[in-house]
Amino acid sequence: MVTTPDALVAEVAQQRRLVTPIPGPRSQELAARRSAAVAPGVSSTLPVYVERGGGAVLVDVDGNSFIDLGSGIAVTSVGHALPAVVDAIARQAARFTHTCFMVGPYEGYVEVCEQLNTRTPGDHAKLSALFNSGAEAVENAVKVARHATGRQAVIVFDHAYHGRTNLTMALTAKAAPYKQGFGPFAPEVYRVPMSYPLRDPEGMTGAQAAERALATADKQVGADTIAAVLVEPIQGEGGFVVPAPGFLPAIAEWCAARGVVFIADEVQTGFCRTGDWFACDDEGVVPDLVTTAKGIGAGMPLAGVTGRAELMAHVHSGGLGGTYGGNPVACAAALASIETMQSGDLAGAARRIGAAVAGVLGDLAARHPGVADVRGRGAMQAIELVKPGTLEPDPAAAAAIAAGCHREGVVVLTCGTWGNVIRLLPPLVIGDELLGEGLSVLAATADEVLA
Ligand SMILES: *Cc1c(COP(=O)(O)O)cnc(C)c1O
């Protein structure tokens, strides 16, 4: 299949079009029903309710069309309702929707594992297991690392995000809103400093930042009790923090020398998002275990742990699994998505998108001293907002810019330990014109807020 952005988008017109104020009357009705029915602990970014999606556009229940620069948090990388994915889902759903792989195995599960084993970094022998969510993948990676090493401690980083289950809350750095009031947390988790070039001492190299982190791990935990070092190669929820070059290779090397399992959490960065199949590819880093989820299956719940065959095979039969893990419909969606990424060169598309986005964000930073940093890789780009002339975070500016974009029909997301980062994660099939329009709206909104 020859794929161009045009061939990849569904029937929803690829345009921004507002026909009511935001939120419109039907969205307001749904918001009222929601507050009577849905637990308030589950929050939403957008003030509108979605009726359909296609390509890089979301249409709400009042008929407003939004340019989606968030992809449901890096999930719909192949775009909304991609026909090849919709067909694959429909065909599989008509055959069977569930057997439980632990009861009745099927080919799709095996094939997704083959794809993961082939495409994740490194050409050593690998095995995979499938789960439902990123958090579940991270939990299972830690289980494998502990089982294989016979050690318990896990090293994680400042600003890390790994999920909301009990173990992954412990692994996640940020207290509010993820951990507040939800303790006690799982033990044997130790946090060390991340490489954060904007906020690290001027000129600190990646190797020096790794040394700072690992010296702490060594002194406070002791390498011979450490099962795993777990790191996002580019941090997601924590603020799109891109570590200085050399940081990840130094960590991988330290782990290899000490029998510590190096786990790359590629849940947000994986599957072409950063311009390679995986973010670790950029520096040729080969993790022992890789966790994947978000971008793998166009929104169908699916996640994976992939790693060195000897680590993955260490766990006894029945030690890994779950009722739904590797659901056949989700696997069909993943296989169609992966085929599209390959045939459509969506990694290349991510690099082109990244160049366009970074250009606009760079111009913004040049105009506004409140934009302290433009960072990211490929179609994962962000600005960090501060009080001008300081490094003091400005979450109010980020919130105002995001809300302004939403009112104008452009979906952008915020993130960061202080909530002061605007992040862009467009679908990798977005057309140049639509992307340009979305970025113009963002720039105009930021000009207004930061004036
Ligand atoms: C989103 C995310 C998770 C958690 O994934 P869920 O599917 O929400 O459980 C874990 N790690 C990273 C890096 C993420 O971005």
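Counting starts at 1 for both ligands and their atoms, following the listed order.
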**Message:** Nearest non-hydrogen contact with atom 14 (C) of ligand 1 belongs to which option: Q235, K294, E232?
**Reply:**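 Minimum heavy-atom distance to atom 14 (C) of ligand 1 goes to K294.
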
**Item:** Candidate with minimal heavy-atom separation from atom 10 (C) of ligand 1, of E139, E266, H162
**Value:**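 Nearest heavy atom to atom 10 (C) of ligand 1 lies in H162.
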
Is there at least one pair of N or O atoms, one from [X] and one from ligand 1, spaced under 3.5 Å apart?
X    : answer
V267 : no
Q268 : yes
A293 : no

Show me which atoms of ligand 1 lie under 4.0 Å from any heavy atom of [X].
X    : result
S133 : 7 (O), 9 (O)
A135 : 4 (C), 5 (O), 6 (P), 9 (O)
G134 : 4 (C), 5 (O), 6 (P), 7 (O), 9 (O)
D265 : 10 (C), 11 (N), 12 (C), 13 (C)

Does the side chain of [X] come under 3.5 Å of the side chain of [Y] through a donor N or O and an acceptor N or O?
X    : Y    : value
T118 : Q115 : no
Q235 : Q268 : no
T165 : E139 : yes
E384 : Y196 : yes

**Asked** Do K179 and F185 meet the cation-pi criteria used here (NZ or CZ under 6.0 Å from the six-membered ring centre, within 45° of the axis)?
**Response**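 Yes, a cation-pi geometry.
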
**Request:** Report the distance from atom CG of D394 to atom CD1 of I401, rounding to the nearest 0.5 Å.
**Result:**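 Rounded to the nearest 0.5 Å, the CG-CD1 separation comes out at 8.5 Å.
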
**Asked** Would you say atom 7 (O) of ligand 1 has a protein heavy atom nearer than 4.0 Å?
**Response**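 Given the 4.0 Å limit, the answer for atom 7 (O) of ligand 1 is yes, a protein heavy atom qualifies.
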
**Request:** Tell me, yes or no, whether the heavy-atom count around R199 atom CZ, taken from other residues, nucleotides or ligands under 6.0 Å, exceeds 12.
**Result:** yes

